[in-house]
Number of protein chains: 2
Amino acid sequence: MTSDTGTKAPRRKNMRAEEREKLIVTEAVRFFAESGFEGQTRELAKRMGVSHAVIYRHFESKDALIERVYEHVYLKRWKPDWESLVLDRNLTLRQRLTQFYVEYAERVFDYDWVRIFVSSGLKSYGLTERYLDIVRSKIIEPAALELRRERGEPERTDPPGVDELELFWGLHGAVFYIAIRKFVYNMPLEIDVEAAVRNTVANFFDGTLGRPIESSLGDCSK
Amino acid sequence: MTSDTGTKAPRRKNMRAEEREKLIVTEAVRFFAESGFEGQTRELAKRMGVSHAVIYRHFESKDALIERVYEHVYLKRWKPDWESLVLDRNLTLRQRLTQFYVEYAERVFDYDWVRIFVSSGLKSYGLTERYLDIVRSKIIEPAALELRRERGEPERTDPPGVDELELFWGLHGAVFYIAIRKFVYNMPLEIDVEAAVRNTVANFFDGTLGRPIESSLGDCSK
DNA sequence: TAGATAAGTTACCAAGCGGTCACTTTTGCA
DNA sequence: TGCAAAAGTGACCGCTTGGTAACTTATCTA
């Protein structure tokens, strides 16, 4: 019956533990992004063409797997360069934030990331809080301080007040909402994401009344 | 054993169907907002001090109940006045949008509404899409057309282009993100919501550079 | 190449869950 | 006051689901 040429050909390929674990995490990211964390391990296993017991050979529990998914999705995407970018006084604050948000959107605005982020916010394992702490301390606060200078205010060293922070949370929200519309609300975005981000930052600085409507190519690099 | 005074006192109170249904929906709204739609009917019933079969006497299925929750949460909160408010040329566009978003936030920014809205976005029953259609056609598009006039552009009748719409989606996002931070990400908002909304709208019109940082009392009524 | 070890499978458990049904209790009304 | 209809209960069904264990198959190495 078997048509192989004498050498016992394995019907099934085994993967090395490490490789399989990686694959499980990768698949799980996409899977949980689609189904939410209620998605069943059997379904996930089926996607990999494997029995669901395999998952439990490599992960202690479903929760342990979810933990790994978090790590993979959150921590791996933060670019430490961004922290110095915001402080780089060779550029205007507007240039810095434009570049930051364009790069940020590039790395973070995808189906998996956005949905898992929002899902876990609803579940509140405390992970979104931790992530947003990073955003605040590395981006929002520094930007608020830089704005003082940009505006030519006298040098001060006191930490930014609530209103100064709120301002930049507002920008962050406007940008992030682009991703929410696309990946959570499933609204068709007729403009490409980069252009949307550029426009959002531009409008943040200039205001609506001070600025003509730009084409989607929106240029604010200078 | 029974200490009542002779008249057969009912051990259990029955509710009228209509009243019970209302109570179930009310409780379900809060319950699903907390637990997501995976929350069990037994748990929900326990909160009402009732067996879970009661739910199935009044609702065909869990899905039917969820449907009712949607209705209750979404449709009941839209104020038709808003549609004419946006068009009211006795006010500046800035005044109109400030008032709209302040009222909108007042009605819509609560734990139940925001979480159910986002949850159902992730599940995509198509309901968020329908809701956002209302926002677009009643607020975003009219506002975009009014802005042309505000800017003193020559009268035109063509529908607003993508970029004109994007601009106002940006404002909407910045405002809504306030609610997301508070009820989804569970971030402590140190500023009151109305002030945050006012500041967001003000910044939308003036831009950051053109405007001093305001105190949380942020006044932009004139 | 034998056999130890790692990877994968099948069958199963026990708890959870949506939903139903026969029954009891309450209540409105003739 | 008595009784039929409405409201509520508890036990049960069957499917799902996370998790386990005994077994089979592949792979690495002495």
Side-chain angles (χ1 to χ4, degrees), chain A residues 1-28 31-32 34-70 119 123 125, chain B residues 1-28 31-32 34-70 119 123 125:
Chain A
M1 254 334 185
T2 54
S3 61
D4 51 294
T5 56
T7 62
K8 48 195 164 127
R11 313 173 216 293
R12 197 191 69 213
K13 276 272 173 77
N14 283 358
M15 282 179 116
R16 283 305 184 66
E18 205 188 332
E19 197 184 347
R20 167 107 301 160
E21 275 172 40
K22 268 189 199 164
L23 203 157
I24 292 176
V25 172
T26 310
E27 277 286 335
F31 178 68
F32 289 134
E34 286 172 16
S35 335
F37 295 120
E38 318 92 72
Q40 325 172 16
T41 51
R42 280 170 172 79
E43 185 67 25
L44 168 58
K46 195 155 65 176
R47 288 196 183 196
M48 299 186 287
V50 122
S51 103
H52 86 287
V54 166
I55 291 173
Y56 291 96
R57 177 178 293 280
H58 295 279
F59 295 89
E60 264 197 9
S61 65
K62 189 182 178 181
D63 277 342
L65 174 58
I66 290 177
E67 205 60 38
R68 283 284 301 274
V69 166
Y70 278 141
S119 287
K123 293 261 142 81
Y125 276 80
Chain B
M1 260 332 186
T2 54
S3 61
D4 51 293
T5 57
T7 60
K8 48 192 164 130
R11 313 172 215 295
R12 199 191 68 214
K13 275 273 172 76
N14 284 358
M15 282 178 115
R16 282 306 183 68
E18 204 187 332
E19 197 185 347
R20 169 107 297 160
E21 276 172 42
K22 268 189 201 164
L23 203 158
I24 293 176
V25 172
T26 309
E27 277 287 334
F31 178 68
F32 288 134
E34 285 172 16
S35 337
F37 295 119
E38 319 90 72
Q40 324 171 19
T41 51
R42 280 170 173 80
E43 183 68 26
L44 168 58
K46 195 153 66 174
R47 288 196 183 195
M48 297 186 289
V50 123
S51 103
H52 85 287
V54 166
I55 292 173
Y56 292 96
R57 176 179 294 281
H58 295 280
F59 296 89
E60 267 198 5
S61 64
K62 189 182 178 181
D63 278 343
L65 173 58
I66 289 177
E67 205 61 37
R68 283 284 299 276
V69 166
Y70 278 142
S119 286
K123 291 263 142 76
Y125 277 78

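In what follows, chains are A, B, ... by sequence order, proteins preceding strands, each numbered from 1.
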- Item | Rounded interatomic separation in angstrom, taking CD from B:E18 and C1' from D:dA7 | 15 Å
- Item | Rounded interatomic separation in angstrom, taking CD from A:E43 and P from D:dG18 | 11 Å
- Measure the distance from CG on A:L65 to C1' on D:dG19 and round it to the nearest whole Å. 14 Å
- May I ask you to verify whether the side chain of B:R42 and the base of C:dG18 hold a donor-acceptor pair under 3.5 Å? yes
- Query: Would you say the base of C:dG18 and the side-chain of B:H52 have a donor-acceptor pair closer than 3.5 Å?
  - Reply: no
- Kindly indicate, with the supporting measurements, whether the criterion salt bridge (Lys or Arg N to Asp or Glu O under 4.0 Å) is fulfilled by A:K123 and A:E38. CA-CA 11 Å; A:K123 293 261 142 81; A:E38 318 92 72; 3.7 Å; yes
- Query: Relative to the 5' end of DNA chain C, which residue comes earlier, B:E38 or B:R16, by the nucleotide with the nearest heavy atom?
  - Reply: B:E38
- Task: Output the single nucleotide from D:dT9, D:dG19, C:dG8 whose closest atom is nearest the side chain of B:R57.
- Result: D:dT9
- Task: Please report the shortest heavy-atom distance between A:I55 and A:I24, naming the atom on each side.
- Result: CA-CD1, 4.2 Å
- For the student: nearest non-hydrogen atoms of B:F37 and B:S119, plus distance: CE1-CB, 3.9 Å
- Could you walk me through whether A:R20 and A:R57 pass side-chain contact (heavy atoms from CB on, under 4.5 Å), step by step? CA-CA 10 Å; A:R20 167 107 301 160; A:R57 177 178 293 280; over 6 Å; no
- Message: What is the distance, to the nearest angstrom, from the CZ atom on A:F59 to the P atom on D:dT20?
- Response: 15 Å
- Separation of A:E21 atom CD from C:dG8 atom P, in whole Å? 11 Å
- Which part of the nucleic acid does A:R20 contact within heavy-atom distance under 4.0 Å: base, sugar-phosphate only, or nothing? sugar-phosphate
- Query: How close or far is atom P of C:dA7 from atom CD of A:E19, stated in whole angstroms?
  - Reply: 11 Å
- Task: Report yes if a side-chain nitrogen or oxygen of A:Y56 is closer than 4.0 Å to either non-bridging phosphate oxygen (OP1 or OP2) of D:dG19; otherwise report no.
- Result: yes
- Check the distance between C:dG28's P and B:K13's NZ and give it to me in whole angstrom. 10 Å
- Atom CG of B:L44 and atom C1' of C:dG18: how far apart are they, to the nearest Å? 13 Å
- Item | From D:dT27, D:dT20, D:dG19, nucleotide with atom closest to A:A53 side chain | D:dT20
- Worked verdict on B:L44 versus B:E27 for side-chain contact (heavy atoms from CB on, under 4.5 Å): CA-CA 7 Å; B:L44 168 58; B:E27 277 287 334; 3.9 Å; yes
- Message: It should be established whether A:T41 places a side-chain nitrogen or oxygen under 4.0 Å from OP1 or OP2 of nucleotide D:dG18.
- Response: yes
